[in-house]
J.: 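Have a look at the structure that comes next, please.
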Amino acid sequence: MPEKVHTHFGAEAESVPQQIPLTAASAPEEIGRKKKRGNKRKRDEPAEPQPPRDHEPIQSKKPAPAPPLLEEEAKPEAKPEEVPQRSLNKTAPKGKPNNKPKPLTDTKTNFTSLREKASILYEQRKKLPIFGHADEIRTKLREQDVMLLVGETGSGKSTQIPQFLVNEFWCRPTPAKVPQKDGSVKSMTVGGCIAITQPRRVAAISLARRVAEEMGTPLGSSSPASKVGYSVRFDTSTSPSTRVKFLTEGMLLQEMLHDPWLTRYSAIVVDEVHERGVNVDLTTGFLRNLVSGKREGRGGVPLKVVVMSATADMESLLGFFQEGFKSQPQLQNGEANGTAEEQKDEGSSKQISVCHIKGRQFPVQTIYSPEPVHDYVDAALKVIFQIHYKEPTPGDVLVFLTGQETVEALEKLVNEYAVGMDPSLPRIQVLPLFAALPQVAQQRVFAPAPPRTRKVILATNIAETSVTVSGVRYVVDCGKAKVKQFRTRLGLDSLLVKPISKSAAIQRKGRAGREAPGKCYRLYTESDYLTLDETNTPEILRCDLSQALLNMKARGVDDIVRFPFLTRPPREALEKALLQLLGIDALDESGGISEVGLKIAKLPLTPTLGRVLLAASEQGTECLLDVIDIISCLSVENIFLNTTSEEKKEAAEIARRDLYRREGDHLTMLSTVRAYAGENVDRKAWAERHLVSHRAMQSVMDVRKQLRSQCRQAKLLPRDDRLDQHFDTSPVPILQSFLCGFATNTARLVPDGSYRTVVGNQTVAIHPSSVLFGKKVEAIMYNEFVFTNRSYARGVSAVQMDWVGEALAGQ
DNA sequence: GAGCACTGC
């Protein structure tokens, strides 16, 4: 099987769509994980040696013609739009670590080739469906502060909207006088930058790269003149001149904790709202308060808000923002004087505009199963071969399944059947695709099929949003997905197979029509389809709300009941989260945020893990360092590789023997991080030897570094560098620190040999991935309580019942 | 005896 092992991933994924008419719109999406290392540039830019850069160079995969440069062309000309940028320089973000200007050896070459590239791209941009709407969008936003924009897949909204708006008069940095809490007035500059939020990091980065190309500007911190940057966790790349910034939703929320009025921005564009992650709901709530309030923190300078969605469910959003303008009388005269209702209504309709842009998709024919299907793996097998026998190549098949288990089962079946296939037919290449799959295996999906071969990609819903595979003309949709749902009453997460929504079904189907007309085989009947929910259940109805509530409290939202939720979670869920926050002292008795709560809110951790970190800091530096190592493991994917075969399992047991600790998973993680960090020769080889995920460990080290740095800033850790001298600390203070956050996540052994939760007396089994699996100890503490086939405790350590008693009494 | 997908100065 041909395998492109060291492919240049980002460029690979982007270069394919560039040859098809969907160009810019399909550029943003890539595989779901950033390649951090080994991302070195392989191709040289024309002529001059370039300084080292943090990020990928701005250039396309295709070797761009490098024209000889004329001297007069080479000067970066001062366009009118660059004038405001000078004043922006003064108010540029301070103290960002990443915007150190890099020396540019040949600025002239750089800028000219960038401009030429941009002018080529301009021809493509003009063909995007949204391009003709530029004036309309600009006009509407000059008059109104809020725009709701439905832009179907392929409309080009994510790349074009910021470019339409960046040179608008309202987008300039504006001097303003901002009243301070102490009654004084501060002169400052407000606005000048557009933020575009994305749910995923790769999307933020690749969109920034694309828009920088289109605007003919260097990307991010590569040049002080760069106008386009991005900001995601562990990787911020902006310059003093950044005017368009792509960031993750979480990053914007984090910025809002420090700058509640978003004074650096003239506009916030919230993209992919239809996905309805919990961060989008928080963002829209905060933004509604901001735009419909008096803007006092911005010195009266307006903030434009564009909310973008790929599906047409705009009515609820329209109602949502209208409600904001109605319920908070404000505006020009400043005083809320309770005047006539109709005045407010006028105000609200004038403030919001709606825009609908058609997408560009090829037609996709839908074929339903004539009768209900009980075994969708078997049904998928039949459809795959039906397609393969009937349909011409090229035309790859993308099958949506529910999880790794079904993917692997079907992979086996297809391979078995393919053996007996008519040899005159094209071959079949089966490619599994799920998040837990190692990176190299994921990348195989993107390599073009060998001659006379049809790719059959068996994917989880990773392929619905996070990963775009080119070449697909046939989609097989089982109509199901695994969904995580937090059960407030039981305090556990369940992960169950559920029917997808209509909009997810449409999204899956759309994957067949990106490059050519396609077909979508639905493994359910049309009447089943009609019974599906219209949209995905918003995450805010499915998750533990404690983190969201803590964020709101930290932002000064005292009255949760009056917070503008796009979808209001049930009272019970809110109360449960409040109780949980009270239990870890993040709130005081009146429900306001406490000192502890404020500290926790700023950490990139769940409130419980944040609480554990603070508790550990009271036990001394060593305990804190150890707990940081463990928390780092808990906040990334599983660090131990799954062992599929019996042989591998044995090998894993032996390889990991020196890492395992009988105290449980927490101490095992600690010894793993220590061993990995102590390996200075070849960490990758070390990880492979121990069947530890190198990818996961790299993330662990990123988190560890971030947490250590935050602890130093908060004076919880000393500033010296002697942090890696390990002494063998006692496990007791470590586990007791964990109990400060997880006192209610405990279970004791009962006479029949099972474990029962200390609070609630429910049966819980130790997850098979735990080092304590099959072991009997007095009591256990666990990080996660998950229901799949039965109730499992994951992330388990042995504790003593009297510690549990103390920790519970302490609450 | 088992692991949907994302994400955070």
Side-chain angles (χ1 to χ4, degrees), chain A residues 32-34 93-98 197-204 231-236 238 247-259 272 275-280 282-283 400-408 433-437 459-467 480-485 493-498 500 504 536 539 542-543 547-548 550-551 600-607 609-610 635-644 646 649 693 696 699 702-703 705-707 709-710 713-714 765-770 773-774 784 786 788-790 792 794:
Chain A
R33 213 164 274 273
K34 181 181 63 169
K94 295 156 219 129
K96 289 266 176 173
N98 272 353
T197 71
Q198 292 294 317
R200 282 167 291 279
R201 301 167 54 178
V202 265
S231 178
V232 304
R233 191 184 188 185
F234 308 127
D235 190 3
T236 291
T238 54
L247 30 57
T248 50
E249 292 152 1
M251 214 59 174
L252 185 71
L253 287 173
Q254 201 64 43
E255 282 191 12
M256 286 175 100
L257 278 182
H258 296 85
D259 178 15
E272 312 285 12
E275 291 189 24
R276 290 298 300 277
V278 64
N279 287 343
V280 152
L282 287 187
T283 306
F400 283 99
L401 295 164
T402 52
Q404 182 178 345
E405 202 182 354
T406 45
V407 165
E408 285 171 347
L433 180 65
F434 46 88
L437 199 68
T460 60
N461 49 8
I462 189 173
E464 218 174 86
T465 48
S466 312
V467 171
K480 302 264 191 321
K482 275 192 194 171
V483 183
K484 200 171 188 173
Q485 168 92 43
D493 263 322
S494 60
L495 187 56
L496 301 171
V497 174
K498 293 263 174 70
I500 59 174
N536 293 346
E539 194 187 4
R542 297 188 286 113
C543 72
Q547 200 164 6
L550 187 64
N551 191 304
I600 295 175
K602 291 185 179 164
L603 292 168
L605 297 171
T606 60
L609 285 175
S635 48
V636 308
E637 59 184 307
N638 195 359
I639 60 168
F640 293 108
L641 289 170
N642 306 322
T643 49
T644 37
E646 279 298 309
K649 209 179 74 178
S693 161
S699 318
D702 282 336
V703 179
K705 192 171 149 202
Q706 186 183 27
L707 291 176
S709 135
Q710 284 184 330
Q713 274 170 31
I766 296 177
H767 195 273
S769 64
S770 171
F773 176 69
E784 280 183 287
V786 195
T788 50
N789 292 319
R790 55 192 291 207
Y792 286 110
R794 277 211 309 228

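Keep in mind it's a predicted model, so treat the numbers as computed, not measured. Letters A, B, ... mirror the listed sequences (proteins, then strands); counts begin at 1.
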J.: Looking only at side-chain atoms of A/Thr248, point me to the closest of B/dT7, B/dG1, B/dA5.
T.: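 Of the candidates, B/dT7 comes closest.
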
J.: Tell me which nucleotide among B/dC9, B/dC4, B/dA2 gets nearest to the side chain of A/Lys484.
T.: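 In terms of side-chain proximity for A/Lys484, the closest of B/dC9, B/dC4, B/dA2 is B/dC4.
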
J.: Indicate yes or no for a side-chain donor-acceptor contact from A/Glu539 to the backbone of A/Gly277 under 3.5 Å, with no hydrogens or angles considered.
T.: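 No: the side chain of A/Glu539 does not pair with the backbone of A/Gly277.
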
J.: Between A/Asp493 (CG) and B/dC4 (C1'), how many Å, whole number?
T.: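 The answer, rounded to whole Å, is 12 Å.
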
J.: Please determine, for the side chain of A/Pro768, which listed nucleotide (B/dC9, B/dC4, B/dG1) has the closest atom?
T.: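 Selected nucleotide (nearest to the side chain): B/dG1.
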
J.: Would you mind reading off the distance between A/Glu405 atom CD and B/dA5 atom P, rounded to a whole angstrom?
T.: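 Whole-Å distance recorded here is 13 Å.
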
J.: Any salt bridge between A/Glu275 and A/Arg200, counting N to O under 4.0 Å?
T.: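 Answer for the salt bridge query: yes.
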
J.: Whole-Å distance between B/dT7 P and A/Leu252 CG?
T.: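 Distance check: A/Leu252 CG to B/dT7 P gives 16 Å.
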
J.: Taking only the side-chain heavy atoms of A/Arg201 (C-beta and beyond), determine which of B/dC4, B/dC9, B/dT7 contains the nearest atom.
T.: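 The nucleotide sitting nearest to the side chain is B/dT7.
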
J.: Of the candidate nucleotides B/dC9, B/dG1, B/dA5, which contains the atom at the shortest distance from the side chain of A/Phe434?
T.: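 Taking heavy atoms from C-beta onward, the closest nucleotide is B/dA5.
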
J.: State whether A/Thr465 places a side-chain N or O below 4.0 Å from either non-bridging phosphate oxygen (OP1 or OP2) of B/dC6.
T.: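 A/Thr465 to B/dC6 OP1/OP2: no side-chain N or O under 4.0 Å.
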
J.: Compare the minimum distances between each of B/dA2, B/dC6, B/dC9 and the side chain of A/Gln706, then state the nucleotide with the smallest one.
T.: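 My answer, after comparing the listed nucleotides, is B/dC9.
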
J.: What distance do A/Met251 atom CE and A/Asn279 atom CG have between them, rounded to the nearest 0.5 Å?
T.: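 Answer rounded to 0.5 Å: 12.5 Å.
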
J.: Would you kindly compare A/Leu253 and A/Arg542 by the position of their nearest DNA chain B nucleotide and give the one closer to the 5′ end?
T.: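 Whichever sits nearer the 5' end wins; that is A/Arg542.
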
J.: Quickly work out the A/Leu257 CG to B/dC9 P distance and round it to whole Å.
T.: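 It works out to 9 Å between those atoms.
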
J.: Which listed nucleotide (B/dG3, B/dA5, B/dC9) is nearest to the side chain of A/His258?
T.: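 Selected nucleotide: B/dC9.
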
J.: Within the distance-only criterion (no hydrogens, no angle test), does the side chain of A/Thr788 pair as donor or acceptor with the backbone N or O of A/Leu495 below 3.5 angstrom?
T.: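 Side chain of A/Thr788 to backbone of A/Leu495, a donor-acceptor pair under 3.5 Å: no, none is there.
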
J.: If you look at every strand shown and take non-hydrogen atoms under 4.0 Å, does A/Leu605 touch a base, only sugar-phosphate, or nothing?
T.: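 It contacts base atoms.
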
J.: Starting the side chain at C-beta, find the nucleotide from B/dC6, B/dA2, B/dC4 nearest to A/Leu495.
T.: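 Nearest listed nucleotide: B/dC4.
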
J.: Looking only at atom types and distance, does a side-chain atom of A/Arg542 sit under 3.5 Å from a main-chain N or O of A/Lys484, one as donor and one as acceptor?
T.: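 The answer is yes, because a donor-acceptor pair under 3.5 Å joins these two groups.
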
J.: Students often get this wrong, so: under 4.0 angstrom with heavy atoms, is A/Glu249 touching a base, only sugar-phosphate, or nothing?
T.: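 Here A/Glu249 touches no strand at all.
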
J.: NA contact type, A/Ser635, heavy-atom cut-off 4.0 Å: base, sugar-phosphate, or nothing?
T.: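 Contact class for A/Ser635: none.
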
J.: Counting heavy atoms from C-beta on, name the nucleotide in B/dT7, B/dA2, B/dA5 closest to the side chain of A/Thr460.
T.: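 Output: B/dA5.
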
J.: Grab the CD-P distance between A/Gln485 and B/dC4 for me, whole Å please.
T.: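 Going from A/Gln485 (CD) to B/dC4 (P), I get 17 Å.
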
J.: Closest approach to the side chain of A/Phe773, judged atom by atom: which nucleotide of B/dC4, B/dC9, B/dG1 is it?
T.: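 Selected nucleotide (nearest to the side chain): B/dG1.
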
